[in-house]
Peer 1: 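Could you have a look at this structure, given as structure tokens, before my questions?
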Amino acid sequence: MASGEAFESEWLRWLRATASVEELWQALQADGGSPGAACAQTFRSWQGQIDGTLTTLRTAMQQLDTPEHTPPPPWNAPWLDALARLGPWQDDLQRTRALQQSSQAYLRALAACSEQLLEAVRSGLARLEQRLATAAEHGEGQPGTLRELYELWLEESEAAYEAMLTTETWAEAFGRLTNATSEVIARYQEQADAALSTLDLPTRTDWIDTQRRVARLEATIRRSPAAQEIAALRSEVAELRQEVAALRTTPPDGPES
Amino acid sequence: MAATPESLTDWQQRLVAALDTAAHLPVDTRGATPFEVVGEYGPGITLRHYPPIGASRKPPVLVVYSLVNRPFILDLTRQRSLIHALNQAGHPVYLVDWGYPRGADRFLTLDDYIGEFLATIAADLGEREQRAADVIGVCQGGVFALALAALFPERVRRLVTLVTPTDFHTPHDTLSRMAQHIDFEQATAALGNVSARWLNPVFVALKPYRLLSQRYVDLPELAERPEALHDFMRMERWMYDSPDQAAAAFAQFGRELYQRNGLVERTFQLDGQVVRLDAIHHPVLNVFAELDHLVPPDAARALGAHVGSSAYREVGFPGGHLGVFISRRAHRELVPAITEWLNPD
């Protein structure tokens, strides 16, 4: 690992996240190998952390609904829309309004997805706690190694996650987030284009237009009879090369034959 | 990973050893089998030729891979190479390398990819080899192969589809369910070519615990198995060596297949022609993976109910999506079954 970047890679973050399984392992050991008070405390601590994050997230979502963050009330909106269409800066005003609205929609969509993901993590931990408790009740074996405990955590967390993944609620939330992301990117692109255009610098729109022309030219050349002739010649040369190569590898006829 | 601090240290030591070794392992993304490029058919789109081994000369095989990843998964190592196995069975193998789309390729549609590039490749190959090719389509490439066989039947001899979705609206298709609410036109208008930076997380998010946690927790186990570690690194590179998706083709695939289920509903058109599965009368071998989380078995098996062929056969492989290409079992059982099916006489 030569660079600092390697120490912050995604997989190391996941490894650190799974390190909390070790905390549960220590608790299980403290409880004598079967879930007791220490395990219960660990689970409560984890649930508390998730609840804390969920509360912060929901508070942030509520803040999005406060007057300074929300779009204007319906009775006010037509007036503001009309104002944004007046005067020499109307294009800028309309773009800014569209960007604000799309940013709000993006934050809401992101929060809705994050909430479902956190609920899935919470559900995975509840499943793990239940599984350990049920095994203890029925006198079944408890995980004998940290690795075994990790496998249980993985199975239960994954089951909870996949249950979330298959719901229509998640599909809708994922779709809303994807659409809100592309919407907010598009609004930023409009702002950037306006600024670049003011400075007489090439805009994204100009660039796409150039690409379109390049693509059309390439297709025209590709489909032209001359290009097809060249391709046919190339293919013939390749075949001839193959034949020559085959002839070279064939042993020459001896004088006796 | 075990119970005691000593064994934890041991796990960490093995992790360090594995990382030390992994840092120096080369990964050749061209694959294990030598090839020559025999044609260029579009922007960055080339046709590779892998000559057969030995004197026996079997029909040519055209392999059509997906646009989403790179095809070197089919040729990861000599021991785990579908291409090498086909060469060994006497087939000259041709593989379409779709390349890495660049900015101006955002306008390429499926009509271009299938109706122009793939159709021309199949025609040229037929001329070059003096007979139509057997076509093996993989995942999305299987959809391309089906469209080719439906619209240009004379350019295909026999058809193999590997983990290929046909019905995009089956009940357990998580990816499809997630695709239903996406505005693909809006997304590609904003993003242009869809970068792997956007797409890879979506695929990983279908199995995050396995792909981002377990996979790496298991890494130290490979510290003393250099070949397995090398395979791991090859897979690691393959998983994230993902070309951008040409914007227009990506939106078309999402809308026409995932959302409108165009193959089953007969609404999928290329250059104004409907792609009809019942127009496919070639012998078809449909291979699906029983534990596939990307292309559920039902999505792949639906082909049997819609294809026109009376020589249709399907094989279920007991594994996941990638197991079909890389697992030892696949190379022991499935690959020989495919080569046998390609050569019935």
Side-chain angles (χ1 to χ4, degrees), chain A residues 1-2 6 10-15 17-18 22 25 29 124 144-147 150-151 153-155 157-158 161-162 165-168 170-176 178-179 181-187 189 204 207-208 210-216 218-219 222-223 231-232 234-235 238-239 242, chain B residues 1-4 7-8 11 15 19-20 23 36 38-43 49 51 102-108 112 116 120 124 127-128 171-172 174 176-184 186-192 198 202 204-217 219 293:
Chain A
M1 290 190 289
E10 191 61 31
W11 76 268
L12 271 180
R13 274 197 284 278
W14 269 81
L15 278 183
T18 57
E22 196 188 338
W25 172 251
Q29 297 297 95
T145 64
L146 174 53
R147 178 68 203 219
Y150 169 80
E151 292 296 339
W153 167 82
L154 191 86
E155 272 175 38
S157 299
E158 191 171 54
Y161 180 83
E162 287 185 354
L165 211 56
T166 55
T167 62
E168 187 55 26
W170 168 255
E172 281 173 17
F174 176 79
R176 264 199 302 275
T178 307
N179 296 340
T181 305
S182 42
E183 176 74 17
V184 79
I185 288 171
R187 300 287 82 85
Q189 286 165 343
R204 179 176 183 266
W207 181 237
I208 291 173
T210 309
Q211 289 179 332
R212 184 180 288 110
R213 287 165 199 239
V214 168
R216 277 185 192 152
E218 282 183 342
R222 208 168 47 234
R223 290 164 193 160
R234 276 191 184 143
S235 158
E239 280 167 29
Q242 270 188 330
Chain B
M1 247 183 0
T4 64
S7 51
L8 253 185
W11 183 83
L15 174 63
L19 291 174
D20 274 349
E36 60 169 339
V38 292
E40 186 174 344
Y41 288 86
H49 174 227
R102 298 156 303 160
D105 301 334
R106 66 166 61 213
F107 304 104
L108 293 179
D112 297 317
E116 184 179 344
T120 311
D124 283 3
E127 229 171 82
R128 183 187 162 101
H172 304 294
T174 304
S176 171
R177 195 178 298 109
M178 286 164 66
Q180 297 310 311
H181 300 278
I182 292 173
D183 184 337
F184 285 101
Q186 181 188 267
T188 49
L191 301 174
W198 292 105
V202 175
V204 168
L206 296 174
K207 288 271 175 201
Y209 287 91
R210 302 280 162 190
L211 294 175
L212 295 176
S213 177
Q214 189 190 38
R215 183 168 169 74
Y216 302 115
V217 167
L219 179 59
H293 72 289

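First the proteins, then the strands, lettered A, B, ... as listed; each starts at 1. Only this structure's heavy atoms are used, side chains among them; waters, hydrogens and symmetry mates stay out.
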Peer 1: Heavy-atom distance under 4.5 Å to chain B: side chain of A/E172, backbone, both or neither?
Peer 2: both
Peer 1: Taking all non-hydrogen atoms of both residues, which atom of A/A215 and which atom of B/A104 are closest, and how far apart?
Peer 2: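 Closest approach of A/A215 to B/A104, heavy atoms only: CB-O, 3.5 Å.
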Peer 1: For B/D105, is it the side chain, the backbone, both or neither that has a heavy atom under 4.5 Å from a heavy atom of chain A?
Peer 2: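 Contact with chain A is through the side chain of B/D105 alone.
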Peer 1: What are the two closest heavy atoms between A/L154 and B/R210, and how far apart are they?
Peer 2: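 Heavy-atom minimum between the residues: CD2-NH1, 3.3 Å.
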Peer 1: Please report the interatomic distance CD(B/E116) to CZ(A/R222), rounded to the nearest 0.5 Å.
Peer 2: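 These two atoms lie 4.5 Å from each other.
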Peer 1: As a quick check of understanding, evaluate side chain to side chain contact (heavy atoms under 4.5 Å, CB included) for A/Q211 and B/R102, giving each step before the final call.
Peer 2: CA-CA 10 Å; A/Q211 289 179 332; B/R102 298 156 303 160; over 6 Å; no
Peer 1: Any side-chain heavy atom of B/Q186 within less than 4.5 Å of one from A/E183?
Peer 2: yes
Peer 1: Between B/Y209 (side chain only) and A/W153 (backbone N and O only), is there a donor and an acceptor less than 3.5 Å apart?
Peer 2: no
Peer 1: With a 4.5 angstrom heavy-atom cut-off, is it the side chain or the backbone of B/L206 that approaches chain A, or both, or neither?
Peer 2: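 Contact with chain A involves both backbone and side-chain atoms of B/L206.
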Peer 1: Below 4.5 Å from any heavy atom of chain A, which atoms of B/H293 appear? Answer side chain, backbone, both or neither.
Peer 2: neither
Peer 1: Output the option from A/A186, A/A171, A/A173, A/A219 having the highest count of non-hydrogen pairs under 4.5 Å with chain B.
Peer 2: A/A171
Peer 1: To the nearest 0.5 Å, what is the distance between OG1 on A/T178 and NE2 on B/H181?
Peer 2: 10.5 Å
Peer 1: Examine whether an atom of B/E36 lies under 4.5 Å from a heavy atom of chain A, and if so say whether it belongs to the side chain, the backbone or both; otherwise answer neither.
Peer 2: side chain
Peer 1: Side chain from CB out, backbone as N, CA, C, O: work out which of these in A/T181 comes under 4.5 Å of a heavy atom of chain B, or both, or neither.
Peer 2: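 Side chain of A/T181 only, per the 4.5 Å heavy-atom cut-off to chain B.
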Peer 1: Sort A/E158 into side chain, backbone, both or neither according to what part of it lies under 4.5 angstrom from a heavy atom of chain B.
Peer 2: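 Both parts, backbone and side chain.
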Peer 1: Can you tell which part of B/Y41 gets under 4.5 Å to a heavy atom of chain A, answering side chain, backbone, both or neither?
Peer 2: backbone
Peer 1: Please determine whether the number of non-hydrogen atoms from other residues, nucleotides or ligands lying under 6.0 Å from atom CZ of A/R216 exceeds 12.
Peer 2: no
Peer 1: Side-chain contact test, heavy atoms from C-beta onward, threshold under 4.5 Å: evaluate it for B/K207 versus A/E162 and give yes or no.
Peer 2: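 They are in contact (side-chain heavy atoms under 4.5 Å apart), so the answer is yes.
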Peer 1: Considering all heavy atoms of both residues, which atom of A/R204 and which atom of B/A190 are nearest to each other, and what is their separation?
Peer 2: NH2-O, 3.1 Å
Peer 1: Counting only non-hydrogen atoms closer than 4.5 Å, does A/R187 touch chain B with its backbone (N, CA, C, O), its side chain (CB onward), both, or neither?
Peer 2: neither
Peer 1: Taking all heavy atoms of B/A205 and all of A/L165, pick out the closest pair and write down the distance.
Peer 2: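 Shortest heavy-atom separation between B/A205 and A/L165 comes out as O-CD2, 4.0 Å.
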Peer 1: Find the distance between CZ (B/R177) and CD (A/E168) and round it off to the nearest 0.5 Å.
Peer 2: 7.0 Å
Peer 1: Non-hydrogen atoms of chain B under 4.5 Å away: do they reach the side chain of A/W207, the backbone, both or neither?
Peer 2: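 Neither the backbone nor the side chain of A/W207 comes within 4.5 Å of chain B.
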Peer 1: Take A/L146 and B/W11, measure what side chain to side chain contact (heavy atoms under 4.5 Å, CB included) needs, and give me the verdict at the end.
Peer 2: CA-CA 11 Å; A/L146 174 53; B/W11 183 83; over 6 Å; no
Peer 1: Which bit of B/Q214 is near chain A, if near means a heavy-atom gap under 4.5 Å: side chain, backbone, both or neither?
Peer 2: both
Peer 1: Please confirm whether the backbone N or O of B/D183 pairs with a side-chain atom of A/N179, one donor and one acceptor, at under 3.5 Å?
Peer 2: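 Yes; judged by distance alone, with no hydrogens or angles, the pair exists.
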Peer 1: For A/Y150 and B/V217, which heavy atoms make the closest approach, and how far apart are they?
Peer 2: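 Closest approach of A/Y150 to B/V217, heavy atoms only: OH-CG2, 3.5 Å.
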